[in-house]
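Below is one structure; the comments refer to it alone.
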Amino acid sequence: MSRNTTIKALAVVAAVGLGLTACTSSGAKPAGKSSSNGSGAVQTLVIEDKPVPSFNEDFNPLDGNAFGANENANSLIYEPLFMFNSLKSEQAPIPWLGKSYTWSNGNKTLTIALQPGVKWSDGQAFSSADVKFTFDLLQKTPAANTGGVPATTSVTTPDANTIVLNYASPQSANFVAIGNQIILPQHLWSTITNPTTAVITSAQAIGTGPYLVDKFSAQNVTFKVNPTYWGGAPKVKRISFPAYATNDAAELALASGKIDLTGNDINNVQTAFVAKDPAHNHLFQSAAPYFPAGNTVALMLNNKSKTAPALGDVAVRKAISAALDRQSMATQCETNYELPASSSGGLTLPIDQGSLSSAQTNDLKPTPDNAKVDSLMTGAGYAKTGGKWTKDGKTVKFTIIDPNSFSDYWCDAQAMVKGLNAQGFDTSANGAFDYNSWNTAITTGKFDAALHWGQGVTAFQRLQFILDPSTTAAIGQTAAGDFDRYDSPKARSAISAFQNATTPDAEKGALNTLQQVMSDDVPAIPVLYGASWYEYSSANFTGWPTSDNPYINPSPNSQAYEYLILHLTPVS
């Protein structure tokens with residue numbers, strides 16, 4: 001299952017691309033074939049992103065249903081201020097349209113120096129006025145703010161290459177959202193009445209990025225090089241996105257060498273893909289788990305569930321965690337693509353290793369700890385009646401919800417139910433959901449428990465997604481985060497401390513506190529380290545990110561795809 005781990009206003013907008021999809025379409029050229037672009041033969045990079053039977057001609061980067069969002073291709077045209085390598089959460093932001101930045105005024109003023117000499121692909125000059133226009137648009141049109149960019153109190157442009165953003169409170173903790181924001185051309189977008197729903201055709205797709213739309217068809221979209229790109233001429237001269245309708249067909253296309261890059265969960269990936277051409281078919285790393293970890297998969301527990309009040313008891317939550325067989329789920333349900341979570345602090349390992357508190361290092365066992373379960377439950381006043389933990393005549397009863405179409409999560413949920421019931425809990429699983437109904441149940445708090453992938457690019461964001469009560473809502477209302485409905489003064493204080501921190505030591509202290517809160521209160525239970533899916537062929541291009549050279553997270557993500565492609569070189 002494909003999972004997007006970038007915070008989208010701290011809301012779940014995860015891509016639920018169930019595996020690979022793709023039958024070779026009539027408009028697609030096999031990977032590695034030469035293709036004429038009017039100036040000689042060039043090598044075409046073929047990318048398959050997710051199953052879709054056909055494309056609509058819409059390149060609106062603010063519309064989550066447009067081509068760019070669906071295929072993670074927005075940044076080929078529209079670029080951000082900075083890029084971020086989520087595989088190295090401590091790595092400094094990568095300058096892009098923004099050349100450098102400084103915080104001042106207690107982290108409430110952000111000054112960004114822009115790259116000089118940048119032009120839009122229609123020849124007009126890019127300037128700070130475009131950046132100001134974009135950030136103003138986000139506040140005027142909240143639906144456009146899918147990246148959770150904080151509201152400004154004012155935006156000024158001292159000169160064409162400088163932008164100053166002022167905030168009412170410290171916002172350095174939200175720099176990823178600010179820096180990741182793609183910038184739009186004011187001279188074109190100022191006339192668009194409905195920016196989130198407007199249909200932007202191929203000819204209207206004007207950006208600062210390295211590529212232009214070359215040809216559009218419902219079955220294949222190709223890109224060509226932007227000849228005036230400020231970053232220099234890309235070595236990859238042509239890109240093709242073929243439309244594939246089914247997972248099985250896409251897997252066949254990938255295995256037969258018709259696709260260069262994809263990011264999907266493929267069963268038996270070594271046999272189904274790598275073994276078909278061992279010299280060229282590769283994964284991020286050769287040994288299990290094969291894929292880089294990109295998030296912490298957690299069993300979210302509704303701390304205010306009306307149907308499972310026992311989940312409001314921290315001893316019960318700790319006992320559930322101690323009862324889980326994480327290793328079995330990793331092996332049997334995730335086919336060793338995802339490793340068992342080893343830290344109760346909630347960070348994602350190994351990418352957050354530098355932020356990991358020593359107190360929460362290797363404190364989760366991969367297999368059940370029966371003695372700890374018994375100790376926690378009896379210590380909290382529970383006793384077994386008829387084989388079930390009972391208190392005041394009521395069993396510890398709750399239901400885990402996950403769509404049965406999420407094959408790995410459904411397997412995990414069933415395994416948890418079996419193991420928890422054997423330990424004396426009164427647990428069931430409900431898979432009668434599609435993504436939308438499941439997401440609605442979680443965001444509105446109408447659930448007991450659910451296995452869910454984490455969100456965020458930084459260690460702080462990953463914890464904020466679980467622990468920040470300012471993002472939650474009352475049962476029945478839609479929450480943007482903190483779906484477990486957890487609220488703690490200590491968590492609030494630590495989140496504020498991190499957001500107000502002006503030194504690395506202050507940030508580290510706040511992160512350590514948040515990890516301790518996560519471990520002590522267990523509002524959600526870390527279970528697995530979620531895979532960032534990524535398969536590639538080196539037959540036609542070299543320069544791919546690997547475990548030895550993790551220069552960017554290669555799983556499907558718009559900004560990462562641009563950065564990755566600009567590092568590739570054709571074999572011939």
Side-chain angles (χ1 to χ4, degrees), residues 59-62 68 74-84 92-105 108-141 144-147 149-167 171-172 174-193 195-196 198 200-201 203-213 225-234 558-559 562-563 566:
F59 295 88
N60 183 345
L62 303 181
N74 275 332
S75 285
L76 300 181
I77 300 171
Y78 311 95
E79 296 185 299
L81 293 168
F82 294 87
M83 293 201 184
F84 302 86
I94 303 167
W96 217 251
L97 290 179
K99 185 178 180 181
S100 62
Y101 69 96
T102 56
W103 286 99
S104 58
N105 186 29
K108 291 187 286 187
T109 297
L110 174 62
T111 302
I112 300 175
L114 303 175
Q115 299 282 1
V118 176
K119 291 186 179 296
W120 296 102
S121 54
D122 62 359
Q124 294 211 29
F126 162 84
S127 77
S128 57
D130 297 299
V131 183
K132 173 177 168 54
F133 167 79
T134 300
F135 282 96
D136 287 345
L137 183 151
L138 297 181
Q139 290 189 213
K140 294 176 183 176
T141 314
N145 188 11
T146 58
V149 176
T152 57
T153 55
S154 65
V155 181
T156 60
T157 54
D159 57 56
N161 292 321
T162 307
I163 183 83
V164 180
L165 301 108
N166 294 294
Y167 301 94
Q171 292 296 336
S172 60
N174 289 317
F175 184 70
V176 171
I178 299 167
N180 250 332
Q181 178 58 46
I182 57 174
I183 306 303
L184 303 171
Q186 180 183 16
H187 66 282
L188 297 175
W189 281 77
S190 59
T191 61
I192 295 177
T193 305
T196 60
I200 305 300
T201 65
Q204 296 170 317
I206 302 300
T208 60
Y211 294 94
L212 306 171
V213 181
V225 168
N226 173 3
T228 62
Y229 181 53
W230 62 274
S558 181
Q559 280 91 332
E562 178 193 359
Y563 194 79
L566 290 176

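Side chains included, hydrogens not; waters and symmetry mates left out as well; all remaining heavy atoms used. Residue indices begin at 1 and follow the sequence shown.
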With sequence neighbours excluded, residues passing side chain to side chain contact (heavy atoms under 4.5 Å, CB included) with [X]:
X      : answer
Pro158 : Thr156, Thr162, Val164
Thr201 : Glu57, Ala203, Gln204
Ser190 : Phe133, Gln186

[X] side chain near [Y] side chain, heavy-atom distance below 4.5 Å:
X      : Y      : result
Ile182 : Ser75  : yes
Trp230 : Leu97  : yes
Gln181 : Leu138 : yes
Thr208 : Ile183 : no
Val131 : Phe126 : yes
Ile178 : Phe82  : no
Ile163 : Leu81  : no

If the condition is side chain to side chain donor-acceptor pair (under 3.5 Å), which residues does [X] pass it with, not counting sequence neighbours?
X      : answer
Thr153 : none
Thr228 : Asn226
Asp130 : Trp120
Asn60  : none

Distance-minimising heavy-atom pair for [X] and [Y]:
X      : Y      : value
Gln115 : Gly98  : NE2-O, 4.1 Å
Ala205 : Val213 : CB-CG2, 4.4 Å
Pro234 : Tyr211 : CB-OH, 3.3 Å

**Request:** Report the residues that fulfil salt bridge (Lys or Arg N to Asp or Glu O under 4.0 Å) with Asp122, sequence neighbours left out, ordered by chain and then residue number.
**Result:**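 Asp122 satisfies salt bridge (Lys or Arg N to Asp or Glu O under 4.0 Å) with no residue once adjacent residues are dropped.
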**Item:** For Lys108, all residues meeting salt bridge (Lys or Arg N to Asp or Glu O under 4.0 Å), sequence neighbours excluded
**Value:**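 Per chain and number, Lys108 pairs via salt bridge (Lys or Arg N to Asp or Glu O under 4.0 Å) with no residue.
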**Message:** If the condition is ring-ring contact (aromatic ring centres under 6.0 Å, His included), which residues does Tyr78 pass it with, not counting sequence neighbours?
**Reply:**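 Partners of Tyr78 by the ring-ring contact (aromatic ring centres under 6.0 Å, His included) criterion come out as none, since no residue qualifies.
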**Request:** State which residues pass ring-ring contact (aromatic ring centres under 6.0 Å, His included) with Phe59; sequence neighbours excluded, sorted by chain then number.
**Result:**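 For Phe59 the ring-ring contact (aromatic ring centres under 6.0 Å, His included) partners, ignoring immediate neighbours, are Phe67.
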**Asked** Any side-chain donor-acceptor pair under 3.5 Å between Trp96 and Glu562?
**Response**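 Yes, Glu562 and Trp96 have a side-chain donor paired with an acceptor closer than 3.5 Å.
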**Message:** With no hydrogens and no angle check, just 3.5 Å: does a side-chain donor-acceptor pair link Thr152 and Asn166?
**Reply:**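 Their side chains do not contain a donor-acceptor pair, so the 3.5 Å distance test is not met.
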Any side-chain to backbone donor/acceptor pair from [X] onto [Y]? Under 3.5 Å, distance only.
X      : Y      : result
Ser121 : Ile206 : no
Ser558 : Asn74  : yes
Thr196 : Ala144 : no

Find the distance between [atom1] ([X]) and [atom2] ([Y]) and round it off to the nearest 0.5 Å.
X      : Y      : atom1 : atom2 : result
Phe175 : Leu110 : CZ    : CG    : 6.0 Å
Thr109 : Tyr167 : OG1   : OH    : 9.5 Å
Asn174 : Asn180 : CG    : CG    : 12.0 Å
Lys99  : Asn161 : NZ    : CG    : 8.5 Å
Ser100 : Ile112 : OG    : CD1   : 9.0 Å

**CA sep, side-chain torsions, deciding dist, call: Gln139, Asn145, side chain to side chain contact (heavy atoms under 4.5 Å, CB included)** = CA-CA 8 Å; Gln139 290 189 213; Asn145 188 11; over 6 Å; no
**Request:** Any chance you could lay out the side chain to side chain contact (heavy atoms under 4.5 Å, CB included) test for Leu62 and Leu137, step after step, and finish with the verdict?
**Result:** CA-CA 11 Å; Leu62 303 181; Leu137 183 151; 3.9 Å; yes
**Message:** Walk me through whether Asp136 and Lys132 qualify under salt bridge (Lys or Arg N to Asp or Glu O under 4.0 Å).
**Reply:** CA-CA 6 Å; Asp136 287 345; Lys132 173 177 168 54; 3.1 Å; yes
